[in-house]
Enquirer: 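Okay, here's the structure, questions in a sec.
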Amino acid sequence: MVSLTQVQKNKVQEIVSMMSLEEKIGQMNQASVSIVGGFDVPFEELIEMLTDGRISQGEFTKIMESAEQDYHEEDIRLGRVGSIMLQDAKKANELQKIAMEESRLGIPLIIGLDVIHGFRTVFPIALAEACSFDSDLFLRTARMAAKESRLQGINWHFAPMIDVSRDARWGRVSEGPGEDPFLVSEFAKAKVKGLQGDTSSPMNYVAACLKHFVAYGAAESGRDYNTTSMSTSLLHNVYLAPFKAAVNEGAATVMAAFNDLNGVPCTVNSEILRDILKREYGFSGFVVSDANGIRECVSHGIAINDQDAGLQAVNAGIDMDMGTGIYSSYLSQLVKTGELDERIINEAVERILSTKMWLGLFDNPYVNLEDRMDPIPSEHIQLALESAKKSIVLLKNENNILPLNREQKISIIGELADKSSEVVGAWSISWKEEDCVSILDGLKQNSDNIRYFQTGGLTEPINEEELKHALDFGDVIVAVVGETVNMSGEAASRSNIELPGDQKKLLKMVKTSNKPLVAIVMNGRPLALEWEAENIDAIVETWHLGIQMGNAVSDIIFGLTNPSGKLSVSIPRVTGQCPVYYNHPNTGRPGGKSKFTSKYIDVNNDVLYPFGFGLSYTSFNYTNLNVTEKNDLLAIGVEITNTGKRQGEEIVQLYVRDRVASIVRPVKELKGYKKISLEPGESQIIEFNLPKNNLGFYDNNGDYRLESGEFSIYVGKSSADCLSQTININF
Ligand code: GLC
């Protein structure tokens with residue numbers, strides 16, 4: 001929770017007591033900078049033209065420069081705006097000045113933005129960073145993003161996105177930390193600490209915003225904004241878990257999800273917003289709707305009109321309206337007619353003002369325009385490089401074709417190889433192309449024997465002549481394949497998650513040459529890589545790694561850094577396996593050889609690469625698993641040896657399985673992880689102290705249960721490769 005001194009609490013109460021009803025409702029209104037004029041088509045259509053490629057990013061920027069922007073100055077002056085979305089320090093100071101000096105009560109604005117994985121220094125997308133299994137790294141990148149953005153006048157991040165996602169067709173799988181509730185929870189806690197924790201100076205921290213509350217990642221058929229339905233136990237055990245963990249860490253705000261959950265849109269769902277979030281979890285910050293989320297309740301068919309949607313939303317626990325203006329238009333009249341209790345308004349305003357007070361905005365609303373952090377400091381670039389390297393997962397390395405060496409002649413193919421603007425990934429909105437290192441530029445840092453061939457295959461047709469030259473030149477072919485930034489993220493679900501365009505065809509053409517082939521996969525979601533896994537010598541999963549992507553990939557490919565990442569999400573063989581995840585129930589007929597078991601008849605039943613999987617340039621051996629009860633803990637020990645020829649880091653994973661319970665339980669659940677570094681031949685004993693209380697689960701009444709019985713304990717290098725021991729536990 002955001003903690004206030006008693007003096008600050010009194011100040012908030014005093015301000016609320018002086019506020020008119022209109023001023024209170026003004027604080028519940030987040031305005032977005034609207035675009036007025038400057039072009040011939042509505043702004044929404046302009047966005048569509050950009051998204052579907054009818055206009056380029058450059059043309060879009062040029063048009064936008066000619067447009068005027070309405071910053072709602074008059075509304076701010078009249079106390080009708082409590083928050084705005086912005087990323088311009090000068091404008092932020094201007095608007096804060098109006099709020100502080102020209103409005104009646106001088107209440108500062110809270111200024112929010114989607115800073116999801118870095119601000120000017122763009123880090124790996126969350127799905128990638130989660131592959132580092134490095135909680136300290138999660139914290140450090142968040143802290144740096146907070147500092148960079150606070151300088152620009154931004155004091156509220158709409159992050160971390162902590163939607164567990166098990167369906168790679170969903171475009172926003174890129175934006176969250178993957179499929180496992182424990183890893184997502186650890187990520188969430190670290191991000192809240194990183195964003196909010198350094199209160200030594202107002203310029204070092206921002207308000208976090210846990211999103212999207214809740215179960216947005218369970219969108220049916222992986223189609224964005226689609227309906228979600230699930231049991232109470234699944235909701236609590238998987239989708240709510242990260243929010244509970246992050247609320248306990250003190251998250252300042254929460255954003256409601258677009259989707260309906262079991263028939264009730266989250267935006268008007270008092271059971272999740274008031275009963276669970278505010279009452280059961282004790283959340284004392286404020287809840288903001290998602291953009292236009294209140295108005296969309298009319299489309300959902302749960303509200304008859306905007307007024308009805310607004311009334312339902314505020315009663316359900318939405319404290320701030322993002323971008324519709326519905327609260328501003330209707331709440332005052334609803335209070336006057338007695339349809340809305342003003343105490344609901346007072347509670348929302350107290351939550352909002354408490355957050356602004358905690359941010360120090362009443363005393364420090366302005367930023368120093370001289371302090372631009374431009375160019376990016378080297379410390380920031382180093383952290384971008386570190387996080388990128390730790391997020392790379394080596395999936396295959398047949399005959400140790402990797403790492404490459406400087407003597408080899410290397411042909412680089414694939415459209416994405418020289419696209420520096422494609423390294424940043426979805427939801428990167430404050431970056432500069434000059435800061436971005438393409439994979440080609442990075443590889444050239446480590447070899448003079450590299451040539452790039454414009455073979456096309458993604459958005460361009462395959463250039464067979466260029467491909468022939470590539471095959472003639474190279475001792476080894478490095479193909480950079482995957483997705484553009486726009487192929488993942490919001491409103492970017494894909495019905496087929498194989499390599500888009502003709503990239504697979506390009507790889508097959510290379511394969512006919514029998515030249516050693518390395519695929520660098522640069523993508524925003526797991527891709528169905530069955531053919532690739534069977535036919536390509538080495539596959540490196542690099543995701544979208546941010547501004548230092550090229551240097552990170554190059555360090556790994558040339559062996560300057562030993563890859564250590566492990567998958568935060570399962571990689572399917574084919575699209576039809578989605579949704580697919582490791583922590584699934586066993587079913588009564590677990591997939592096997594006999595016909596009548598749970599499997600497909602046209603594809604191998606297991607995933608291509610499981611959660612927690614990742615190779616190294618060395619090898620590790622696990623022995624001597626030992627599990628003992630120690631009061632309310634399970635003491636778990638295992639010995640790990642580096643059996644290879646070079647130093648390496650290993651992410652040791654701890655899973656459990658409740659063998660028999662009153663509801664079926666997953667075949668494995670991650671309960672801990674540790675990253676260790678071992679020299680060649682070195683052994684280390686790793687210990688986990690697992691509280692037995694963590695072996696419980698929520699039932700379909702939403703009650704947490706600890707049930708005696710047999711538990712299997714697993715420790716290993718992935719969810720599919722573990723030592724195990726079964727123990728009987730009595731609670
Ligand atoms: C978007 C997203 C949300 C984001 C908000 C503001 O629609 O769903 O994650 O924070 O609008 O940009």
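Note that the coordinates shown come from a computational prediction; the quantities given were computed from them, not determined experimentally.
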Enquirer: Only one of Phe283, Tyr281, Phe213 clears ring-ring contact (aromatic ring centres under 6.0 Å, His included) with Phe243; which?
Expert: Phe213
Enquirer: Going by the rule side chain to side chain donor-acceptor pair (under 3.5 Å), which residues pair with Thr587 if we only count those two or more places apart in sequence or in a different chain?
Expert: none
Enquirer: Taking all atoms of both residues into account, what is the closest heavy-atom pair of Lys278 and Val287, and its distance?
Expert: CE-CG2, 3.8 Å
Enquirer: Are side-chain heavy atoms of Leu545 and Ile392 found at a separation under 4.5 Å?
Expert: yes
Enquirer: Tell me if a side-chain donor or acceptor on Arg589 pairs with a main-chain N or O of Phe596 at a distance below 3.5 Å.
Expert: yes
Enquirer: Give a yes-or-no answer on whether the side chains of Asn700 and Thr232 include a donor-acceptor pair shorter than 3.5 Å.
Expert: no
Enquirer: Using 0.5 Å steps for rounding, measure from the CG atom of Leu416 to the CE atom of Met549.
Expert: 8.5 Å
Enquirer: Just by distance, with hydrogens left out, do Gln87 and Ser430 show a side-chain donor and acceptor under 3.5 Å apart?
Expert: yes
Enquirer: Check step by step if side chain to side chain contact (heavy atoms under 4.5 Å, CB included) holds for Val485 and Ser428.
Expert: CA-CA 9 Å; Val485 168; Ser428 301; over 6 Å; no
Enquirer: Do Ser718 and Gln653 have side-chain N/O donor and acceptor atoms under 3.5 Å apart?
Expert: no
Enquirer: Just jot down the ring pair (Phe, Tyr, Trp, His ring centres under 6.0 Å) partners of His300, sequence neighbours excluded, or say none.
Expert: none
Enquirer: Hey, are Ser719 and Tyr581 close enough side-chain-wise for a donor-acceptor pair under 3.5 Å?
Expert: no
Enquirer: Is there a side-chain contact between Ile272 and Leu261 in this structure, where contact means two heavy atoms from C-beta onward sitting under 4.5 Å apart?
Expert: yes
Enquirer: Where do Val238 and Pro242 come nearest, in terms of heavy atoms and distance?
Expert: O-CD, 3.3 Å
Enquirer: Enter the distance from Cys266:SG to Leu277:CG here, rounded to the nearest 0.5 Å.
Expert: 11.0 Å
Enquirer: Walk me through it: do Glu129 and Thr141 pass the test side chain to side chain contact (heavy atoms under 4.5 Å, CB included)?
Expert: CA-CA 10 Å; Glu129 192 182 34; Thr141 52; 2.7 Å; yes
Enquirer: Please give me the minimum heavy-atom distance between Leu234 and Arg166, naming the atom from each residue.
Expert: CD1-NH1, 3.8 Å
Enquirer: Does Tyr582 have its ring centroid less than 6.0 Å away from the ring centroid of Tyr655?
Expert: yes
Enquirer: Could you go through the side chain to side chain contact (heavy atoms under 4.5 Å, CB included) check for Ile304 and Val298 one step at a time?
Expert: CA-CA 6 Å; Ile304 50 176; Val298 179; over 6 Å; no
Enquirer: With a 4.5 Å cut-off on side-chain heavy atoms, are Asp290 and His212 touching?
Expert: yes
Enquirer: Is it true that a side-chain atom of Asn259 and a backbone atom of Glu220 form a donor plus acceptor pair closer than 3.5 Å?
Expert: no
Enquirer: Check whether any side-chain heavy atom of Pro160 sits under 4.5 Å from a side-chain heavy atom of Leu210, and report yes or no.
Expert: yes
Enquirer: Less than 3.5 Å apart, any donor N or O on the side chain of Ser233 or Asp699 sitting next to an acceptor on the other?
Expert: no
Enquirer: Does the Lys396 side chain pair with the main chain of Ile536, one donor and one acceptor, at a distance under 3.5 Å?
Expert: yes
Enquirer: Checking Ser165 against Val569 for the side chain to side chain contact (heavy atoms under 4.5 Å, CB included) test, could you report, in this order, the C-alpha distance in whole Å, the side-chain angles of both residues, the deciding distance, and whether it holds?
Expert: CA-CA 8 Å; Ser165 169; Val569 65; over 6 Å; no
Enquirer: With salt bridge (Lys or Arg N to Asp or Glu O under 4.0 Å) as the rule and sequence neighbours excluded, what pairs involving residues 180-189 come up?
Expert: Glu186-Lys189
Enquirer: Can you list every pair that meets salt bridge (Lys or Arg N to Asp or Glu O under 4.0 Å) and has a residue in residues 486-500, with sequence neighbours left out?
Expert: Arg172-Glu490, Glu483-Arg494, Glu498-Lys504
Enquirer: Is the shortest side-chain heavy-atom distance between Leu567 and Phe611 below 4.5 Å?
Expert: no
Enquirer: Considering residues at least two apart in sequence or located in another chain, which fulfil the side chain to side chain contact (heavy atoms under 4.5 Å, CB included) criterion with Cys578?
Expert: Asp167, Ala168, Arg169, Ile497, Pro572
Enquirer: Sequence neighbours left out, what passes ring pair (Phe, Tyr, Trp, His ring centres under 6.0 Å) with Phe158? Give chain and number order.
Expert: Trp156
Enquirer: Within this structure, what is the CG-CG distance for the pair Leu394 and Leu615, rounded to the nearest 0.5 Å?
Expert: 4.5 Å
Enquirer: Output every pair passing salt bridge (Lys or Arg N to Asp or Glu O under 4.0 Å) with a member in residues 590-611, not counting sequence neighbours, ordered by first then second residue.
Expert: Arg573-Asp606
Enquirer: If we check side-chain hydrogen bond (donor to acceptor under 3.5 Å, both in side chains) with Arg295, which of these qualifies: Thr267, Asp306, Asp321, Thr324?
Expert: Asp306
Enquirer: Using only atom types and a distance under 3.5 Å, with no angle test, would you say the side chain of Asn262 pairs donor to acceptor with the backbone of Met230?
Expert: yes
Enquirer: Sequence neighbours left out, what passes ring pair (Phe, Tyr, Trp, His ring centres under 6.0 Å) with Tyr714? Give chain and number order.
Expert: none
Enquirer: So, the side chain of Glu422 versus the backbone of Lys419: is there a donor-acceptor pair under 3.5 Å, distance only?
Expert: no
Enquirer: Do Met509 and Thr455 come close enough that some side-chain heavy atom pair is under 4.5 Å?
Expert: no
Enquirer: Would you indicate whether the side-chain heavy atoms of Ile439 and Ile520 approach each other to under 4.5 Å?
Expert: yes
Enquirer: Under the side chain to side chain contact (heavy atoms under 4.5 Å, CB included) test, which residues partner Ser493, sequence neighbours left out?
Expert: Trp170, Asp224
Enquirer: Please check if any side-chain donor atom of Ser570 sits under 3.5 Å from a side-chain acceptor atom of Glu179, or the reverse.
Expert: yes
Enquirer: Which heavy atom of Phe138 sits nearest to which heavy atom of Ala190, and what is that distance?
Expert: CB-CB, 3.6 Å
Enquirer: Just wondering, more than 12 heavy atoms not from Arg223 lying within 6.0 Å of its CZ?
Expert: no
Enquirer: With a 4.5 Å heavy-atom cut-off, do Lys675 and Ser132 have their side chains touching?
Expert: yes
Enquirer: Rounded to the nearest 0.5 Å, what separation is found between the CD1 atom of Ile651 and the SG atom of Cys131?
Expert: 8.5 Å
Enquirer: The criterion is ring pair (Phe, Tyr, Trp, His ring centres under 6.0 Å); which residues satisfy it with Tyr225, sequence neighbours excluded?
Expert: Phe258
Enquirer: So, Gln312 side chain and Val268 main chain: donor-acceptor pair closer than 3.5 Å or not?
Expert: no
Enquirer: Using the salt bridge (Lys or Arg N to Asp or Glu O under 4.0 Å) rule, collect all pairs that involve residues 260-272, keeping only residues at least two apart or in two chains.
Expert: none
Enquirer: Are the side chain of Asn226 and the backbone of Ala218 linked by a donor-acceptor contact shorter than 3.5 Å?
Expert: no
Enquirer: Give me each pair satisfying side-chain hydrogen bond (donor to acceptor under 3.5 Å, both in side chains) with a member in residues 535-544, each pair once, sequence neighbours excluded.
Expert: Asn523-Glu541
Enquirer: To the closest 0.5 Å, what do you measure between CZ (Phe119) and CG (Asp114)?
Expert: 11.5 Å
Enquirer: Is the backbone of Leu127 close enough, under 3.5 Å, to the side chain of Ser568 for a donor and an acceptor to pair up by distance?
Expert: yes
Enquirer: Give, for atom CG of Asp319 and atom OG1 of Thr253, the distance between the pair rounded to the nearest 0.5 Å.
Expert: 10.0 Å
